[in-house]
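What follows is a short report on a single structure.
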Amino acid sequence: MADESSKAYQPGEVEPKWYSKWVESDCFRGDEKGDGEPYSIVIPPPNVTGILHLGHVLNNTIQDILARRARMQGKDVLWLPGTDHAGIATQSKVEQKLRKEEQKTRHDLGREKFLEKVWEWKEEHGGIIISQLKRLGCSCDWSRERFTMDEDYSRWISKIFVDLYEEGLIYRGKRMVNWCPKSLTALSDEEVIMKPQKKAKLYYMRYRVAGEEDRWVEIATTRPETIMGDTAVAVNPKDERYADLVGKSVIRPFPEAEIPVVADDHIDPEFGTGVLKVTPAHDKADFEIGVKNDLEIIDVFNPDGTLNALAGPEFEGMDRFKARDVAAEKLEAMGQLIRVEDYQNSVGFSERADVPIEPRISMQWFLKYPCTEEAAAAVANDEIVFRPEHHKKTFAKWLGDIQDWCISRQLWWGHQIPVWYRKEKAEELQNLESLDAASAGSDIYVGIEPPADEENWVRDGDVLDTWFSSWLWPFATMRTSEEEESETLAKFYPTSDLVTGPDIIFFWVARMIMAGYRWQGELPFKNVYFTGIVRDRQARKMSKQLGNSPDPLDLIEKYGADALRFALLKGAPSGADLKYDEKLIEEGRNFATKIWNAARYREMQGTVDADPGESSIYAINIVAKLETLQSDLEKAYADYKFNEVAQLLYEFWWNNYCDWFLESAKGDFADDAAPEAKAATLATMDAVLERFLMLLHPYMPHITEELWAKFEFNQKFDPEFLMNTAIPEQPVLQGITRQQMDEAVEQVAAIYESVSRARNLKASYGLAASKDIKFYIDPEGGKFDESEVFGRLVGAKEVIIEPGYQAEKGVPVAICAIGKVYLPLEGLIDVEAERERLTKELKKSGDELKKVESKLGNENFTSRAPEHVIQEMEERKEHWGSRVEELKQMIENLG
RNA sequence: GCGCGAGUAGCUCAGCGGUAGAGCGACUGGUUUACACCCAGUUGGUCGGCGGUUCAAUCCCGUCCUCGCGCACCA
């Protein structure tokens, strides 16, 4: 055995050591040729330039637990890692840097040069999150690491674009889209988040009716800066107040123009004044009214959210929010602003850039989702199981009313759309109102490879939404687009579990299911486990702005990766958010130390150097508990209750093993103890430790591997590493009958319960420390020969077994499972104190008895309750009844 | 407005029809053959409110309240 261990576990040295050994020995490789049952997970690819946060820790620890457990069940495991190019996020980081360091925009560099810069940035920062995952202990097959911009992967993107285009599902059109004025690109509906605006204003203004002297129409709006784009006002056709106005015109104040009054059902007569100004270029609903009424569309914004020439010279170049104030002032000056009210509404924000998006008409590529029916059915009938189950509904609802997906982005970093326009017609083609495979002529080329005479063509400049690459992840990481099949895919697809956050159920999960059916003809994964979101103590989301997001690497440094993993999982209720508190991690660290020290204690007892004698009841008991633990873990894992698994492991070790078993076993290591007894106990300790390390390994891989090697368990099993050792089917201790086990468990439970009562007695007389305590036990007809262990556990100098013991009046006594336990206190007898204590206990017991009696006295109960419940009540009645009698007697004896 | 989730000890959460549990905290005591990142003990709860079903409800049903999330609307 190795040198004596230090008092506290040192994760900083141990953890990286084992990680390197695992990697060097190729332990994480998914064997596509193996003949074991396959188990696979694809990692939700983090942003390539991202940094690990607690959400990642939670998510990836769960995946690691699943992967490690599967390995220890003898399966062939593939956990396939990789990263995502994260279009907008990465591009804007590099643009920011460019602006700061060189005062340049991407346009100053040009597409090619700029992309070089991004690749440089990626090379420089791209490895960080991967190395952080390694520090956490993640057992990913790094030999298969993928990146969404890898060549093979990129070809996949082109292929599916071509497939979908040819199928008629991808088309180009001029539509109202969500435009981000900061990132200067279109966004999908999913990338827009609604944020309530507390300080918004509702402006009431009036437009004059054309051709009438002094007639005005009142209109309420939140966006006076779009007045210049108004091309109509609208009222509800049923609204009698304005019935005569429909068909007439009103005067737009600036630039002054006559605009028609139209009727539309969409108008809510109750809202504001019941009159809506219609700005088809800047509002989705207005756009539709515009189309229906054939209204002119005037776009008064530049792409960056400033106003353009159409807004008039005094607004040109002005920011949209400034323009709002200026427009209001102008109205006021014209006497057309009636009043301004405080108002609360919600405004769509760009998820990434965190600025209000602008509805904008522009030319974009769209996708009609494929295989939506297969996807809906798979989840509805649990071919793909969602956990927690309630996410099924969210999924079904979204799928029920999805809109076409805007897949084009006006960015450079990403997969450029594989569409070419013949040079001389490029401009004309790109301005077509709509375009799809059916309408495109030979002047448009869509293909994986560029056209042969590329110099005669112009390629579409847009790139695809990052999620358009992510939805292929489960299979595009396993085979190339040219291969029909690959060994890896054949073995590991569909994947077993997907672990992800519920916030990307639409972005990613739903779309992956569709893509799985579309290109692989089957589901991409069988189970989806949605983690909760990690929040701070005030239940706020972790965010950079709030500074409430601790760096997991700091925590690993301070407490160890195992501690962090265990603690987060123990505190993460399945399906609910996790409230993070550093105290949790401390608990994890303490647990690691506890395991370390219990192992160290074993180490200090030396080797087994005699033939083991019969196992003690305590040994049999702990083995029985271990077996219960094992089956409880099975159940918890089956339900993906990771917090429960952690709880069970923690409780077994700390409570059952350390606090009870080890303490009861210490007598076997005394100098005068029988060598066979010592040997038997050591054997039990080894057996329990060995099995427990196996069970704990998925949660705390490093410390368990360290102890596994320290105790040389690795010499007993075939593979070198615990991480690759299959948990044996056989019970921990063999040759013990079920009956022996049951008897030992019952006996030990009685002893432990009695110990607790005796400790209680000691404490209530303030004798916690005293060594000169003697207990007398009257086994009351039974027999009790465990006085030594009893004395050790209670903390007494001597325990005397004396049937029929006659205590002096006032001697404290506890009624226990093993009999009556007396605590004679020389010179300290206080009859009144004992009377008080017993009276209190009598009250408690009496209450219990009354409860049971009233139940049993109720005929409704006795006639309707099931037999076993009644029997249980009878037993309880007897138990409390005799206790009450005894207590009464004892109090009476006090005089 | 629609849907989902949550409300149990001071805090974080288990339990989900038959005696209310854990960890942390607080308090008291402790150098017992590993561990103070420890040990022992104590404290602490009309299980959000009101109704109903049942012999029996924290658990099932209805309803209301509070909080969180998603979707829709938001001139």
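Residue numbers begin at 1 in each chain, while the letters A, B, ... track the order of the sequences.
Residues satisfying the side-chain contact (heavy atoms from CB on, under 4.5 Å) criterion with A:Glu644, sequence neighbours excluded, are A:Ala636, A:Lys641, A:Leu648. A:Tyr640 meets the side-chain contact (heavy atoms from CB on, under 4.5 Å) test with A:Leu66, A:Arg387, A:Asp497, A:Asn527, A:Tyr529, A:Phe642; sequence neighbours excluded. Residues passing the side-chain contact (heavy atoms from CB on, under 4.5 Å) test with A:Lys570 are A:Phe566, A:Glu587, A:Ala646, A:Gln647, A:Tyr650, sequence neighbours excluded.
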Q | From CA spacing to verdict: side-chain contact (heavy atoms from CB on, under 4.5 Å), A:Leu569, A:Leu58 | A | CA-CA 7 Å; A:Leu569 267 286; A:Leu58 177 63; 4.0 Å; yes

Q. Does the pair A:Met700 and A:Ile595 meet the rule for a side-chain contact (heavy atoms from CB on, under 4.5 Å), with working shown?
A. CA-CA 11 Å; A:Met700 305 183 99; A:Ile595 295 162; 4.2 Å; yes

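In this model, the phosphate group of B:C39 is approached by a side-chain N or O of A:Lys594 to a distance below 4.0 Å at OP1 or OP2.
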Give each protein N/O atom lying under 3.5 Å from an N/O atom of nucleotides 68-73 of chain B, with the pair distance.
none

Show each protein N/O and nucleotides 41-46 of chain B N/O combination with a separation under 3.5 Å, one pair to a line.
from  : atom 1 : to       : atom 2 : distance (Å)
B:U42 : OP1    : A:Asn760 : ND2    : 2.8

Q | Base versus backbone protein contacts along nucleotides 53-58 of chain B [heavy-atom cut-off under 4.0 Å; B, S, -] | A | --B---

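At a threshold of 4.5 Å between non-hydrogen side-chain atoms, the residues A:Pro550 and A:Glu582 do not count as touching.
To the nearest whole angstrom, the two P atoms, one in B:U19 and one in B:C24, are 26 Å apart.
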Could you give the side-chain donor-acceptor pairs of residues 277-285 of chain A under 3.5 Å, partners two or more places apart or in another chain?
from     : atom 1 : to       : atom 2 : distance (Å)
A:Lys277 : NZ     : A:Thr226 : OG1    : 2.6
A:Lys277 : NZ     : A:Asp230 : OD1    : 2.8
A:Lys277 : NZ     : A:Thr279 : OG1    : 3.1
A:Thr279 : OG1    : A:Asp230 : OD1    : 2.9
A:His282 : NE2    : A:Asp299 : OD1    : 3.4
A:His282 : NE2    : A:Val300 : N      : 3.1
A:Asp283 : OD1    : A:Ala285 : N      : 2.8
A:Asp283 : OD1    : A:Asp286 : N      : 3.1

Under 3.5 Å, sequence neighbours excluded: what are the donor-acceptor pairs made by side chains of residues 855-867 of chain A?
from     : atom 1 : to       : atom 2 : distance (Å)
A:Asn858 : OD1    : A:Asn860 : N      : 2.9
A:Thr862 : OG1    : A:Asn858 : O      : 3.4
A:Thr862 : OG1    : A:Glu859 : O      : 3.1
A:Ser863 : OG     : A:Glu859 : O      : 2.8
A:Ser863 : OG     : A:Asn860 : O      : 3.4

Got a list of side-chain donor-acceptor pairs under 3.5 Å for residues 875-882 of chain A, not counting sequence neighbours?
from     : atom 1 : to       : atom 2 : distance (Å)
A:Arg876 : NH2    : A:Glu872 : OE2    : 2.8
A:Ser882 : OG     : A:Glu878 : O      : 3.3
A:Ser882 : OG     : A:His879 : O      : 3.2

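No more than 12 heavy atoms of other residues, nucleotides or ligands lie within 6.0 Å of CD in A:Glu557, so this atom counts as exposed by the packing criterion.
Near-neighbour residues of RNA chain B inside residues 227-236 of chain A, defined by a heavy atom below 4.0 Å, are absent.
Pairs engaging residues 654-664 of chain A under the side chain to side chain donor-acceptor pair (under 3.5 Å) rule: A:Glu663-A:Lys666 [sequence neighbours left out].
Of the possible polar contacts, one joining the A:Gln197 side chain to the A:Lys195 backbone as a donor-acceptor pair under 3.5 Å is found.
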Q. Would you write out the dot-bracket form of RNA chain B, 5' to 3', with Watson-Crick and G-U pairs under 3.5 Å, [ ] for crossing pairs, | for pairs to other strands and . for unpaired bases?
A. ((((((((.[[[[.)..(..]]]].(((((.......))))).....[[[[[..)....]]]]])))))))....

